[in-house]
Amino acid sequence: MSSALMATYKRLPVSFERGEGVWLWDTEGKRYLDALSGIAVCGLGHAHPAIQKAICDQAGKLLHTSNLYEIPLQEKLGEKLVALAGMQKIFFSNSGAEANEAAIKIARMHGHQKGITNPAIVVMEKSFHGRTLATLSATGNRKVQAGFEPLVQGFVRIPFGDIDSLKNVAENSPNVVAVLVEPIQGEGGINIPANDYLKQIRKICDERKWLMMLDEIQTGIGRSGKFFSHQHQEIVPDVMTLAKALGNGMPIGACLTNGKAADVFGPGNHGTTFGGNPLACRVGLTVLDTVEKLDLCARAEMLGAKLLADFADALADVIGVEEIRGQGLLIGIELNRPCGELVTLALEKGLLINVTADNVIRLLPPLVMKNEQADQLVATLSELIKAFLSEDSD
Ligand SMILES: *Cc1c(COP(=O)(O)O)cnc(C)c1O
């Protein structure tokens, strides 16, 4: 690999030349089954014809004007997303971290508008919200923060999934203005809270007049089996952030607001040069259309259930497999020991997976994966896990 690149990633020694659906081919012509989708980005798979057409067509018309002007494609995508979410307003960014930056700024400004001059946001242990200074400060992972102190102030951290801790904060921290939480923690290890967790948070936020802010950057756009993961719990957040799958590979993020969060920002409070440009929004619209046309929310739900059941079968009674969990196509297989080397072993077998939180195999396959491809995923990965666990204990 070129030494010109900063060493921010420990990269696997493979590079891909082209893709089609769930498949990728490397520069040697070897084929891989992609069960990661570029970390929940390529929900429609690779080289989807509708995306290709949207990009080519739009590139021949207009890539960028400026947010100094009206952008009809941005308005159209914005209207579509707020309608899907049952929310009111939207700001487009270029990434997840930037979407969360907007959310954090909205929470703070909302606090100041209420006369709270040192507003704080409740965040969770094991959370991940991005790599900018504010979002790494919100992130619940010391590895992400170390070396970048002083961190941004104004975050109160509690354990994920723990409503009593949140109630305790409500009793004791009068300067709290918002809660920022992932419906399912992705980087943190596919951590799935109790069924009524978001409802409970909603209730406390309503009582305290806090903003409920959901980071759906990894869980959104159909992956969980609903368009947005919180829709499993019949609540509407005040703020929701999106990115990853919204562009299927075209960089785009969004921060949606509702109710008291909707009119916090006025002219001059926030901005971006690239955010919401015609090309990104054209692709975003095509992604949403395709998810709807192909009924990919239902597909994610069905395929996710099948994968969970099949892995449970294939790995039944395998000592060292602690838990197999998931919602839709966010799937975690937790082992009783660190298992990062499984990524390389899988790569050799032509399978792309991820390991996060040291010992959780994370699967985020494209929503368009077919049953026989899912069968291949289960067969290949289960064999690898069994071999890994038996070798390791010898
Ligand atoms: C990926 C991710 C982010 C950061 O998004 P970037 O586009 O990398 O800035 C934030 N929150 C969650 C939950 C994510 O999965």
Side-chain angles (χ1 to χ4, degrees), residues 6 8-9 11 36-43 91-107 121-141 143-145 148 152 155 157 160-161 178-193 197-198 201 212-224 227-230 237 239-256 272 274-277 280 283-284 287 326-332 354-357 360 362-365 367:
M6 288 193 197
T8 51
Y9 283 88
R11 293 170 198 269
L36 189 61
S37 311
I39 316 184
V41 169
C42 299
F91 173 86
F92 286 104
S93 63
N94 312 290
S95 67
E98 284 172 274
N100 283 336
E101 283 278 340
I104 292 164
K105 283 178 70 177
I106 287 167
I121 300 170
V122 179
V123 291
M124 305 301 157
E125 290 171 7
K126 299 185 181 168
S127 62
F128 183 79
H129 298 297
R131 300 281 192 163
T132 63
L133 270 177
T135 58
L136 76 81
S137 300
T139 290
N141 180 345
K143 277 191 208 153
V144 172
Q145 299 173 336
F148 301 112
V152 172
F155 295 104
R157 195 170 307 284
F160 180 66
V179 178
L180 173 62
V181 60
E182 298 154 85
I184 293 173
Q185 290 186 327
E187 305 300 306
I190 311 291
N191 301 323
I192 305 173
Y197 182 53
L198 295 187
I201 295 178
M212 178 176 186
M213 310 205 294
L214 293 183
D215 180 341
E216 291 244 21
I217 290 165
Q218 192 155 150
T219 52
I221 321 294
R223 176 156 296 279
S224 76
F227 230 101
F228 309 111
S229 174
H230 70 264
V239 179
M240 170 172 68
T241 53
L242 299 172
K244 294 206 162 92
L246 180 54
N248 206 64
M250 178 64 64
I252 183 171
C255 177
L256 288 80
T272 165
F274 292 139
N277 83 20
V283 174
V287 167
Q327 183 182 58
L329 291 175
L330 296 126
I331 293 172
N354 176 250
V355 168
T356 191
V360 181
R362 176 170 54 162
L363 304 176
L364 302 163
L367 277 47

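Atoms considered below: every heavy atom in the structure, side chains included; atoms not considered: hydrogens, waters and symmetry mates. A quick note: this is a predicted structure, and the numbers were derived from the prediction, not measured. Read the numbers this way: they start at 1 and go in the same order the structure lists the ligands and their atoms.
- Using a 4.0 Å cut-off between charged side-chain N and carboxylate O, Arg362 and Glu187 make a salt bridge.
- Under 4.0 Å from ligand 1, the heavy atoms of His129 that appear belong solely to its backbone.
- For the residue pair Asn100 and Thr241, a side-chain donor N or O sits within less than 3.5 Å of a side-chain acceptor on the partner.
- Thr139 and Gln145 share no side-chain donor-acceptor pair at under 3.5 Å.
- No hydrogens or angles considered: a donor-acceptor pair under 3.5 Å links the side chains of Glu101 and Thr132.
- Considering backbone and side-chain atoms together, Ile217 places no N or O closer than 3.5 Å to any N or O of ligand 1.
- Within the listing of ligand 1, atoms 13 (C) sit less than 4.0 angstrom from a heavy atom of Glu182.
- Annotation: Gln218 places an N or O atom under 3.5 Å from an N or O atom of ligand 1; distance criterion only.
- In this structure a side-chain-to-backbone donor-acceptor pair under 3.5 Å is present from Asn248 to Gly43.
- Listed by number with element, the atoms of ligand 1 under 4.0 angstrom from any heavy atom of Asn100 are 10 (C), 11 (N).
- The protein non-hydrogen atom at the shortest distance from atom 11 (N) of ligand 1 is Asp215 OD2, 2.7 Å.
- Of all protein heavy atoms, the one lying nearest to atom 9 (O) of ligand 1 is Ala97 N, 2.7 Å.
- The side-chain heavy atoms of Glu216 and Phe228, taken from C-beta on, include a pair separated by under 4.5 Å.
- Using a 4.5 Å heavy-atom threshold, the side chains of Asn141 and Phe128 count as separate.
- Counting only heavy atoms, the protein gets under 4.0 Å from atom 7 (O) of ligand 1.
- Protein heavy atom nearest atom 5 (O) of ligand 1, with residue, atom name and distance: Gly96 CA, 3.3 Å.
- At the shortest separation from atom 14 (C) of ligand 1 among protein heavy atoms lies Lys244 NZ, 2.9 Å.
- Crowding of Phe274 atom CZ: a count of heavy atoms from other residues, nucleotides or ligands under 6.0 Å not exceeding 12.
- No part of Ile39 comes within 4.0 Å of ligand 1, judged by heavy-atom distances.
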